[in-house]
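All values below were derived from every heavy atom in this structure, side-chain atoms included, with hydrogens, water molecules and symmetry-related copies excluded. All values derive from a computational prediction rather than experimental measurement.
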Amino acid sequence: MKQIVSIVRKEMRSYFNSPIAYIVIIFFLVFSAIWLFYINGFIARDTASLRSYFAIMPIIFVGLVPALTMRSWAEESKLGTDELLFTLPYRETELVLGKFLSAYGLIILALLLTIPLPITLAPLGDFERGEIVGEYLGVGLLGAAATAIGLFISSLARNQITAFILGAVALLFITLVNQINVVLDLPTWLASVINYISLRYHIESFIRGVVDTRDLVYFLALTFLFLYLNTKTLVLRKWR
């Protein structure tokens, strides 16, 4: 546990000693607010619901998460510092969890900074508190899965730019893959498989304030799967 904490501290210092953390958090807060009040027209809609606000989060994460994770392993590989990490008394699992918790911690921080928004809007209408809690839970789980995917892709890339592009493309695909069912008339079983793959499909229940255990299991399983793959990638890099 101490090893994981030390890695998290190192990564956090690295994030906040560069503009990355500040740019990502400010972009997240500003863009989501612009979407809610100007693009989506929250005031004009006169509806006491933040569904449209949280519904855009999967799309925001397509660009935001790769920006956080692109340097995690790709930069280590480019600079050769990954070889130094492998010589330290850290297990691959500890390295992966340390990187994951630091990047995911920034996403949670960004989400926490949005809490004043529903609090400020609460006097304007009869907002459903349970729905908002479900929305935050869903976006938090989405952030965990997206971070695990971004880290895995970073472990495969040789530089930050490649990691960002591949991460964004992968997240865009896995987020919007269910839109294929809107365009094509697929067999029911195939449509169900495509829906199950989609991040956006599984967060829709949370956005409605419904906590479905199937969606909960999906996000947790996806997170653990890509953290596991990330660990195995490090093992292969260590012994190549």
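Screening residues 161-184 for ring-ring contact (aromatic ring centres under 6.0 Å, His included) gives no qualifying pairs among residues at least two apart or on separate chains. Sorted by first and then second residue, the side-chain hydrogen bond (donor to acceptor under 3.5 Å, both in side chains) pairs involving residues 52-68 (not counting sequence neighbours) are Ser32-Tyr53, Asn40-Ser52. For residues 102-117, there are no salt bridge (Lys or Arg N to Asp or Glu O under 4.0 Å) pairs, not counting sequence neighbours. Applying the side-chain hydrogen bond (donor to acceptor under 3.5 Å, both in side chains) test to residues at least two apart or on different chains, the pairs with a partner in residues 164-181 are Asn178-Ser198, Asn181-Asn195. Legend: side-chain hydrogen bond (donor to acceptor under 3.5 Å, both in side chains) pairs involving residues 213-223, not counting sequence neighbours, sorted by first then second residue: His202-Asp215, Ser205-Asp215, Asp212-Arg214. For residues 114-139, the pairs satisfying side-chain hydrogen bond (donor to acceptor under 3.5 Å, both in side chains) are Ser49-Glu131, Arg51-Glu131, Thr114-Tyr136, with sequence neighbours left out.
Nearest approach of Pro66 to Gly167, heavy atoms of both residues: CG-C, 3.7 Å. Nearest heavy-atom pair across Thr231 and Glu92 is CG2-CB, 3.8 Å. Taking all atoms of both residues into account, the shortest heavy-atom contact from Leu142 to Phe219 is CA-CE2, 3.8 Å. Listed here is the closest heavy atom pair of Ala145 and Leu199: CB-CD2, 4.3 Å. Between Phe127 and Leu121, the shortest heavy-atom distance links the atoms CE1-O, 3.1 Å.
Leu97 is linked by a side chain to side chain contact (heavy atoms under 4.5 Å, CB included) to Ile4, Thr93, Leu227, counting only residues two or more places apart in sequence or in another chain. Every residue was checked against the salt bridge (charged side-chain N to carboxylate O under 4.0 Å, His left out) condition with Glu204, not counting sequence neighbours, and none meets it. Every side chain to side chain contact (heavy atoms under 4.5 Å, CB included) that Ile180 has, sequence neighbours left out, goes to Val177, Leu184, Leu186, Ile194. Every residue was checked against the ring pair (Phe, Tyr, Trp, His ring centres under 6.0 Å) condition with Phe61, not counting sequence neighbours, and none meets it. With sequence neighbours left out, the side chain to side chain contact (heavy atoms under 4.5 Å, CB included) criterion links Ile7 to Glu11, Tyr90, Leu95. Listed by chain and residue number, nothing satisfies the ring pair (Phe, Tyr, Trp, His ring centres under 6.0 Å) test with Phe224 (two or more places apart in sequence, or in another chain).
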**Asked** Can you check side-chain contact (heavy atoms from CB on, under 4.5 Å) on Leu141 and Ile203, steps first, answer last?
**Response** CA-CA 9 Å; Leu141 291 168; Ile203 201 175; over 6 Å; no
**Prompt:** What's the verdict on ring pair (Phe, Tyr, Trp, His ring centres under 6.0 Å) for Phe206 and Phe54, showing C-alpha distance, side-chain angles and the deciding distance?
**Reply:** CA-CA 9 Å; Phe206 287 102; Phe54 288 98; over 10 Å; no
**Prompt:** Would Ile107 and Val24 count as a side-chain contact (heavy atoms from CB on, under 4.5 Å) if you check the C-alpha gap in whole Å, the side-chain angles of each, and the deciding distance to 0.1 Å?
**Reply:** CA-CA 9 Å; Ile107 293 177; Val24 166; over 6 Å; no
**Asked** Stepwise, does the side-chain contact (heavy atoms from CB on, under 4.5 Å) test hold for Val96 with Tyr228?
**Response** CA-CA 9 Å; Val96 170; Tyr228 173 79; over 6 Å; no
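Rounding to the nearest 0.5 Å places CG of Leu229 at 9.0 Å from CG of Leu156. Put simply, CG on Leu36 and CD1 on Ile34 are 11.0 Å apart, with the number rounded to the nearest 0.5 Å. Taking CG of Leu64 as the reference point, atom CZ of Phe28 lies at 7.0 Å (rounded to 0.5 Å). Separation of atoms CE (Met70) and CD (Gln160) is listed at 4.5 Å; rounding is to 0.5 Å. Taken to the nearest 0.5 Å, the CG atom of Asn230 stands 11.0 Å off from the CG atom of Leu225. To the nearest 0.5 angstrom, Leu151 atom CG is 11.5 Å from Phe226 atom CZ.
Residues Leu216 and Tyr196 share a single hydrophobic cluster, defined by chaining ILVMFWY side chains whose heavy atoms lie under 4.5 Å apart. In the hydrophobic cluster analysis, where Ile, Leu, Val, Met, Phe, Trp and Tyr join through side-chain heavy atoms closer than 4.5 angstrom, Ile23 is grouped apart from Ile161. Val30 and Ile56 fall within a single hydrophobic cluster, where Ile, Leu, Val, Met, Phe, Trp and Tyr are joined by side-chain heavy atoms under 4.5 Å apart, directly or via other members. Val211 and Val217 fall into different hydrophobic clusters, where Ile, Leu, Val, Met, Phe, Trp and Tyr are joined by side-chain heavy atoms under 4.5 Å apart, directly or via other members. A single hydrophobic cluster is seen to contain both Ile174 and Val193, as judged by linkage of ILVMFWY side chains at heavy-atom distances under 4.5 Å, directly or through other members.
A 4.5 Å side-chain heavy-atom check between Ser18 and Arg71 finds every atom pair outside the cut-off. Looking at heavy atoms from C-beta onward, Leu171 lies out of side-chain contact with Ile153 at the 4.5 angstrom threshold.
Other residues, nucleotides and ligands contribute at most 12 non-hydrogen atoms within 6.0 Å of the OH atom of Tyr201.
For the side-chain contact (heavy atoms from CB on, under 4.5 Å) with Leu113, the lone residue among Ile26, Leu29, Ile108 that qualifies is Leu29.
Here the side chain of Ser154 pairs a donor or acceptor atom with the backbone of Thr69 at under 3.5 angstrom. Side-chain atoms of Tyr104 never come within 3.5 Å of backbone atoms of Thr147 as a donor-acceptor pair (strictly under, hydrogens ignored). The backbone N or O of Gly98 sits less than 3.5 Å from a side-chain atom of Ser102, completing a donor-acceptor pair. A donor-acceptor pair under 3.5 Å is formed between the side chain of Asn17 and the backbone N or O of Arg13.
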